[in-house]
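Here it is, the structure in full.
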Amino acid sequence: MSGPSLMDSLFQRTLEDLIKGLRQQLIGEQAFISKALEEIRKEIKSTDLSTKSTALLKLCYLSNLHFHDMSFAAFHALEVLSSPRFSHKKIAYHAISLSFHDSTPVLLLITNHLRKDLTSTNEFEVSLSLQCLSRIANVDLARDLTPEVFTLLSSNKLYVRKRAVAVVLRVFEKYPDSVRVCFKRLVENLENYDPQILSAVVGVFSELACKDPRSYLPLAPEFYKILVDSKSNWISIKVLKIFAKLAPLEPRLANRVVEPICDLMRKTGAKSLLFECVRTVVTSFSEYESAVRLAVGKIREFLVDEDPNLKYLGLHALSIVASKHLWVVSENKEVVIKSLSDPDPNIKIESLRLVMAMVSEHNVAEISKVLVNYALKSDPLFCNEILGSILSTCSRNVYEIIVDFDWYVSLLGEMSRIPHCQMGEEIENQLIDIGLRVKDVRLELVRVARDLLIDPALLGNSFLHRVLSAAAWVSGEYVEFSRNPLELMEALLQPRTSLLPPSIMAIYIQSAFKVLVFCLHTCFVRGGSTAGVSASASYESFDDLSVENGAGSTVAHGQTCTSAPITNESIVNLLKLVELALSPLLGSHDVEVQERARNLLGFVDLIKLEALNSSGQEENDSEQKGVEATKIIRLVHDAFSKELGPVSLSAQGKVPVPDGLTLNENLGDLETICSDIELPSSNTFSFGYPSEEKDVSSFSNLQIKEDSGQSNESTSLLAEHRKRHGLYYLPSGKSEVISNDYPPANDPALQGDNNDTASDLVKLTAESLVPKRKPNHSKPRPVVVKLDEADEKPVAVKHPESRDDSLSGAVRDILFGSEDILPTSSRSNLPSSNRKGKEKQHMITQVESKENVVGDGNSSSRRRKDHSHAKERRHRKKNAEERNETDRKEKESSSNHPRRHKSRQRAVEPLKVPPQTSVIPDFLL
């Protein structure tokens, strides 16, 4: 397609016309922009650079505001960049900064353009090229343009030098070897008196020190001088950030720097500089009590200020210092508690973090209760912040601050009922985790789960579906702790469960299966009758249970507690309820729901045929079928009675790979390998209705006629597996039965006046800061199963060496390997012998590097190289002999002058420092 004609160029719309048209358009914004893009695609192909630059400018506007792709104009931007006019270059550099990235195909074509503009006499063109380089520089551009940047670091034009200093950071990050070229000149700019250049240099070192502060310890004298002499608040803030990183690495440095920082806090009137001084003291100088007290006084000024921004900064500084000086929070607790009701959400969140930092095992119940009351009155966002803070704090380090787990489980149920609660996933995880880890809490856990399940109002809240899922799982897994299993069954099969997602409904059906099996087992097996008996004699309160209950109460997972009798009539009604509730789910579109519903209905039909439909038959036949039904129930009950335990995050990694197993092998030939294996037919098992041809009791008869030897064999295999992999099994001791004498979770004695929650929380936090003995609980803390160190700390992953490591290594090589890089003030205080030793080492390094440059050649060049190597070795040997002779003479002469020997020994001492050790002049330390 040819470019636009001359008339089109004359009547080309400018950027101003495009903006006006976009505001006044009548055809729709997207249609107008599409039409404008079509015009831009035609105009940008013009040979006239003015037309092309105008089209490029309009494209930049649409890309900025409407996020349209402008990669198609990459080459056209380079064409505009070649224009001698500054206005065209400005547009081109702006477009390149917006659209170019590492994968841009024409990125390498810009190298010569940048080199040409970096050496231009027009400082504004140089500035544009530097700004563009700071945005798009990659490894190739940084390597090729390092010499030009190095030259500009000493430019006489301050405007150019300032931008060159700023672009050095990007060049160092992309090409760490450029440090060896530019770092010396960058350090020299620390002695510049121009505030703009000094600000740029200090900003670069501030960013570099954040990545590896130890490499920049030798520059501490220069930073100290800037801190003392600088009149710019911005420069002082950057220097304080640097010292906050350097001070923890060198205690002597902190001892010297802390006093100037305190002077700044006393004299400055700038809030930004004052806050930076406070943050530096509380983070890196917390060992200095006088400095910390001065910083705390300034923090108090921030807290009482009317400006919400300063108040937030005060709370933030208070949270930093609270980790090491808890008395600071005690002195300002009234302000912190009142901030929970502040209209600013950031202030409320920061004060909440401070309150949670003071929680311990002595006050966790009281503080959590007061915070839950705050959550009831708060907006949804802050409400969930409070709930999330309580959950994360209480579950920290496997619930180390929780002593009364009955109370905590009740708290989880109470939090679920808060109207704005959206923490369903975390509550679900903790309910299941506590049930798996803490056996003694399962009775209260089932009670809380029952209260959640029978509340139909919770089914309509989508944020609580995960909580209901955990409640259903707990009710089925630990049903033996339920006082009324029939009530649980009705809750699991209520009609409103159709509001739940299919994944949650599947859990409901499976839990109903477990509860049904438990009820059948209680009625037919424990009662000792096939026709069903009243099991009321075996239901006692949990407090009265003991090991002696043997015959009347069977211990499954630990202890059993029921209270409602299960009779033959209640079983019949229960089976009818299951059929009525699950029959519509046989046509469900979800495979999981349909399969679980069919399994449960098939089991119900099997039990009905064997036991409940025995009327009108002979007595012997009825008894035989009853025995078969009892065996089926016992088999299924035994399958569900195996206790589940927590699994470590690192458990899979501890399983050894069997010999001969290749996990990465292709399984494409699996069909060939398994061709001689006969697969079982699909109709081997059938759970049908009575009208089907096959007998639905075939599976039960097969199980009843099974040889008892197979059971013994499976038992031995299970014992062998437990012996080999005992690490993944929980201890199964059931000899001890501990009475449940926890105080009630909602004890009225613990409930205070809800009308004055702020004053209660102030009192609680004040008491939490006073050391006191651990209270004597009525019951010791339950055993919480901990698997391994994976529960405590995440596994650290070692990453390969990054580019930041290369940059730090290059900086260390320069600062610690050649002291002539340091500024005059730092270099003048180093011992002369140290400098000479460094210079000799540097010269030897240069000689060796020159030797290594020699490449492979013919035999004559190799002979010359060998000759030069031998000559160099002889020269080194001669120098070493001379140094040894000189040292011997000095040692002999020093024997007559002990004081001179001591002073000389001190002068030579720095030579013993390893090359990587930080060297800081003595005048600063």
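The basis for the numbers below is simple: all heavy atoms, side chains too, and nothing from hydrogens, waters or symmetry mates.
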Handout entry: Ion pair check, Arg447 and Glu444, cut-off under 4.0 Å
Key = yes
Between Gln494 and Glu490, does any side-chain donor sit less than 3.5 Å from a side-chain acceptor?
no
Apply the test side chain to side chain contact (heavy atoms under 4.5 Å, CB included) to residues Ile434 and Leu412: give CA-CA distance (whole Å), side-chain angles for both, the deciding distance (0.1 Å), then the verdict. CA-CA 11 Å; Ile434 291 173; Leu412 293 178; 4.2 Å; yes
When every non-hydrogen atom of Gly413 is compared with those of Leu452, the smallest separation belongs to O-CD2, 4.2 Å
Check: Is the closest basic N to carboxylate O distance between Asp342 and Lys311 below 4.0 Å?
Finding: yes
Between Val364 and Cys394, the two heavy atoms sitting closest are CG2-SG, 3.8 Å
> Does the ring center of Phe640 lie less than 6.0 Å from the ring center of Phe518?
Replying inline: no
Discussion item. Is it the case that over 12 heavy atoms from other parts of the model lie below 6.0 angstrom from the OH atom of Tyr288?
Written reply: yes
*Find the distance between OG (Ser389) and CG (Asn384) and round it off to the nearest 0.5 Å.*
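So the OG of Ser389 and the CG of Asn384 are separated by 10.5 Å.
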Could you tell me whether Lys348 and Glu385 make a salt bridge, using a distance below 4.0 angstrom between a side-chain N and a carboxylate O?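 No, this pair does not count.
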### Message
Quick check with a 6.0 Å cut-off and a 45 degree axis cone: is Arg466 positioned over the face of Trp473's six-membered ring?
### Response
no
Fill in: Lys271 charged N/C atom sitting above Phe302 aromatic ring, 6.0 Å / 45°
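Geometry flag: set, cation within 6.0 Å and 45°.
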**Message:** Within the structure provided, determine whether Met265 and Leu274 are in side-chain contact (heavy-atom separation under 4.5 Å).
**Reply:**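 SC-SC contact between Met265 and Leu274 confirmed.
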Between Leu582 and Ala597, the two heavy atoms sitting closest are O-CB, 4.3 Å
One should read off an interatomic distance between Ser378 OG and Leu352 CG, to the nearest 0.5 angstrom, of 9.5 Å
Heavy-atom pair of closest approach, residues Met423 and Gly388: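 Scanning both residues, the minimum pair turns out to be CE-CA, 3.8 Å.
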Contact check, side chains of Asp406 and Val441, non-hydrogen atoms, under 4.5 Å =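 Asp406 vs Val441: side chains touch.
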The test is side chain to side chain contact (heavy atoms under 4.5 Å, CB included); show your working for Arg353 and Ser319 and say whether it passes. CA-CA 7 Å; Arg353 292 173 183 170; Ser319 63; 5.5 Å; no
Residue pair Glu350, Tyr312: steps toward the side chain to side chain contact (heavy atoms under 4.5 Å, CB included) verdict: CA-CA 7 Å; Glu350 199 65 37; Tyr312 171 79; 3.6 Å; yes
N-O pairing of Arg596 and Glu592 below 4.0 Å: yes
Quick one: do the Ser286 and Lys324 side chains pair a donor with an acceptor below 3.5 Å?
yes
* To do: Output the distance between atom CD1 (Ile299) and atom CG (Asn332), rounded to the nearest 0.5 Å.
  =>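 That separation rounds to 8.0 Å.
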Look at the rings of His316 and Phe275 and say which category their plane angle falls in: under 30° parallel, 30 to 60° tilted, over 60° perpendicular. tilted
